[in-house]
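For this chain, numbers begin at 1 and follow the sequence in order.
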Amino acid sequence: MKLLPIKVACPVCGSGNITYTCEPKCCFNHICDSCYSTFELATDISGGNLEIGDFQPEERNPLAPTAACTRCGSVDVYALEDRDILVCGSCHTLLNLVLDSIKPR
């Protein structure tokens, strides 16, 4: 199983060209580079944990989509390859991605 960066599509136009507009652990505001709509990413607990061993994440692109773990607050949240679920690299909680504060432009 491979841990991947979070990928998200714009909830307004469906574009995958999304930029995180702030620093980690701030407001989690994202902007669509295609339609300029803004939205925030959050997580909620999916249920359960996943043992991921000694995972060493690659250096994070500061403009890539980012969300915090709702359980521990860590921004070490990754997508699971071949599954529509996220996992926290710190506390190993399985998470769902939540889009909030959607503001079309």
Q) Is there a side chain to side chain contact (heavy atoms under 4.5 Å, CB included) between L94 and L80 once you walk through the steps? A) CA-CA 10 Å; L94 292 173; L80 293 175; 4.0 Å; yes
Q.
I'd like to know if Y36 and F39 are part of one continuous hydrophobic network [Ile/Leu/Val/Met/Phe/Trp/Tyr, side-chain heavy atoms within less than 4.5 Å].
A. no
Q: Please answer whether the main-chain N or O of T66 pairs with a side-chain N or O of H30 as donor and acceptor at a distance below 3.5 Å.
A: yes
Q: Might you work through the side chain to side chain contact (heavy atoms under 4.5 Å, CB included) test for C91 and C69, ending with a clear yes or no?
A: CA-CA 9 Å; C91 71; C69 173; 3.7 Å; yes
Can you give me every donor-acceptor pair (side chain of residues 96-104, partner residue at least two apart or in another chain, under 3.5 Å) with its distance?
unit_1	atom_1	unit_2	atom_2	d
N96	ND2	D44	OD1	3.2

Q | Approximate separation, where rounding is to 0.5 Å, of L3 CG and L50 CG | A | 7.5 Å
**Q.** S37 side-chain N/O to C32 backbone N/O, donor-acceptor pair under 3.5 Å
**A.** no
Q: Identify the two heavy atoms, one from A79 and one from P5, that lie closest to each other, and give their separation to 0.1 Å.
A: CB-O, 3.9 Å
Q) Can you hop from L41 to V77 via hydrophobic side chains spaced under 4.5 Å? A) yes
Q | Taking every non-hydrogen atom, the tightest pair across A64 and Y20 | A | O-CB, 3.3 Å
Q) Do the side chains of V75 and L95 join up, straight or via other hydrophobic residues, at under 4.5 Å, putting them in one cluster? A) no
Q: Please report the C-alpha distance between C72 and C88 in whole Å, then the side-chain angles of each, then the deciding distance to 0.1 Å, and finally whether the side chain to side chain contact (heavy atoms under 4.5 Å, CB included) criterion is met.
A: CA-CA 9 Å; C72 74; C88 175; 3.6 Å; yes
Q: Enter the distance from C35:SG to R105:CZ here, rounded to the nearest 0.5 Å.
A: 9.5 Å
